[in-house]
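The figures here come from the full heavy-atom set of this structure, side chains too, leaving out hydrogens, waters and symmetry mates. Here is the naming used below: chain letters follow the sequence lines, and residue numbers restart at 1 for every chain.
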Amino acid sequence: MRITLWGTRGSLAVPEAKTARYGGDTSCVEVRGSDGTVLVLDAGTGIRQLNASLPKALKRIDVLLTHLHMDHIQGLGFFRPLYDPMREVHLWGPPSLTLDLRTRLRRYLSPPLFPVYLHELPCKLQLHEVPGADFEVGEFHVSSELVCHPGPTVGFRISSADGTLAYLPDHEPALGIDFPLSGNWTSGYSVAADVDVLIHDAQYTAEEYPEHVGWGHSSLQHALEFAALARVKHLVPFHHDPAHNDEDLDRLMAVAIAAAKPAFIVIPGTEGTTFELADGVVQVFPAEGGKAIQEYNNLTLKLVVPVMYRLNQS
Amino acid sequence: VVAGGLANAHHDSGEVQGPFFEGLEQRRDSATMSQKPIEMILIRQLASSLSMPMLIVGPDGTLVFYNEPIEYYLGRRFEETGELPADVWRTIWMPSDENGVPIPLEEQPITVAFRDQRPVHRRLWTHKLDDHISWLAEVTCFPLMGQGKRHLGAAVIAWPIEERRG
């Protein structure tokens, strides 16, 4: 299972020099199987970069939308496979209590917000609503669960013979409680429990969170606590606040990790980073210019799994 | 598990191949982890924040949560008891109408809300059997219907009016 972070920013794209390393594009993650299956997690502006990496021979692509906030669907209209009549594109996402997924997506994929209507897309398009029964795409087994975030929002749990990934980019499990409670009373727990890699919302600092309670996001500290509760092996803090630049995020990560002393590896979510997950072991290939994972985790001296690290030369 | 990912599929023609949430219960039952449905988690969060006495009953009648304001009336603390089975928590009180006539189990507001899946509001006395304290209260019970019209249980909110001892 090869996981690539194409967009890591939350709320709003911030294409600035000061955010270049963590990334300015909004949520988009590619998950590629050893059999060539491609899952795309969310369709934020990061999906534009994904376009170039897709194999031309790929006939089927599945896009899994956690929810329909703009930072998670803005790139959809720019996803090239949607304009290829030879491609089969499956869009998975939540309906609301009164509107089906198609109707909700039409709100964006229609004028005046976008010049192309959903029904005009030439690809072989199929829509699927989640949460529902677990499903399989190629080598991947996918489950989804509603999670705590304004509006219908799901988290995805993706498993293959290589390992398990949980994706909870927008998630506020600490809302209104003395966090953390036990796992069975914690939003997202069944999605994340015991996974090899958890990609999780870490939008705010602990100081910022009280001003944003109910907005549907976590502090970095909450992400660390949630990951500990779920016994994950690797945490990827994600959905960075647009107000936090690279320097801020380096500092915030270092301080939070030093304070939490997690018994798992924290891999700050930086745009372009790729993970290779095989047999439960994760190799990390940071984007060029990325910081070594050890630089963060040596603070805690709690590396429980050897991380094989090298710069991605490709 | 639905092979090929065709569960709940819509074709672009608008045809619906499967209902929303089809298989949800099967998926929950087969899950190895017993996380509560998100709707239950959210209502517990709400109850934890309210100053009104409130309790939440799960789909099997278990008292899955009660908030701090109702702990006084139960004489128990949730942190100490955790969840309480129906045959335990329903014997803490004996409800009666405003005239002191006991209300049969099948007519009690929580039973009606649970069984008929409709809200019930009633003024009643609750007699706490272990220390003989009684409260007159307005009680509202309502069913908890989750997404996909799943019956998740019921919630009770009480507005105490008067307390009597002995």
Side-chain angles (χ1 to χ4, degrees), chain A residues 60 62 90-92 94-97 100-102 118-121 123-138 140-149 152-155 157 172-179 181-194 230, chain B residues 1-50 54 56 58 62 64-68 78-79 82-83 145-150 152:
Chain A
R60 171 177 173 156
D62 290 69
H90 295 251
L91 290 179
W92 304 77
S96 74
L97 289 167
D100 63 17
L101 176 62
R102 174 180 311 281
L118 180 67
H119 69 264
E120 292 176 335
L121 295 171
C123 70
K124 297 166 189 161
L125 181 65
Q126 289 199 25
L127 304 186
H128 310 262
E129 292 177 338
V130 290
D134 292 5
F135 57 95
E136 291 177 357
V137 181
F140 296 121
H141 180 97
V142 183
S143 61
S144 57
E145 193 80 45
L146 290 165
V147 297
C148 187
H149 181 73
T153 304
V154 300
R157 182 181 178 100
E172 189 180 6
L175 178 62
I177 55 171
D178 186 14
F179 186 75
L181 297 176
S182 61
N184 65 336
W185 278 109
T186 300
S187 168
Y189 177 77
S190 61
V191 175
D194 301 306
Chain B
V1 176
V2 181
L6 290 177
N8 310 327
H10 288 220
H11 286 295
D12 204 32
S13 63
E15 179 189 354
V16 179
Q17 289 193 331
F20 299 170
F21 306 106
E22 183 179 87
L24 190 62
E25 292 307 324
Q26 162 256 313
R27 181 169 51 82
R28 289 192 194 285
D29 292 345
S30 64
T32 55
M33 292 146 292
S34 57
Q35 183 200 307
K36 308 281 189 210
I38 188 66
E39 299 92 334
M40 292 291 275
I41 291 172
L42 290 171
I43 199 161
R44 173 180 171 161
Q45 289 171 326
L46 173 64
S48 301
S49 306
L50 294 176
M54 184 169 177
I56 302 164
T62 299
V64 295
F65 180 72
Y66 51 95
N67 68 1
E68 282 189 36
F78 183 74
E79 282 186 6
E83 299 185 3
M145 307 303 295
Q147 299 204 25
K149 298 182 180 176
R150 289 168 298 133
L152 303 174

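- A donor-acceptor pair under 3.5 Å is formed between the side chain of B:Q35 and the backbone N or O of A:S190.
- Heavy-atom distances place both the backbone and the side chain of B:I41 under 4.5 Å from chain A.
- Interface residue A:T186: only backbone heavy atoms are found under 4.5 Å from chain B.
- Contacts of A:L181 with chain B are made by side-chain atoms alone, with heavy-atom separations under 4.5 Å and no backbone atom involved.
- Separation of atoms CE (B:M145) and CZ (B:R150) is listed at 9.5 Å; rounding is to 0.5 Å.
- A salt bridge does not link A:E145 with A:R157: none of the charged nitrogens is closer than 4.0 Å to a carboxylate oxygen.
- Annotation: side chain of A:P173 is not in contact with side chain of A:C148 (no heavy-atom distance under 4.5 Å).
- Between chain B and the options A:L175, A:I177, A:D178, the largest number of non-hydrogen pairs under 4.5 Å is found for A:L175.
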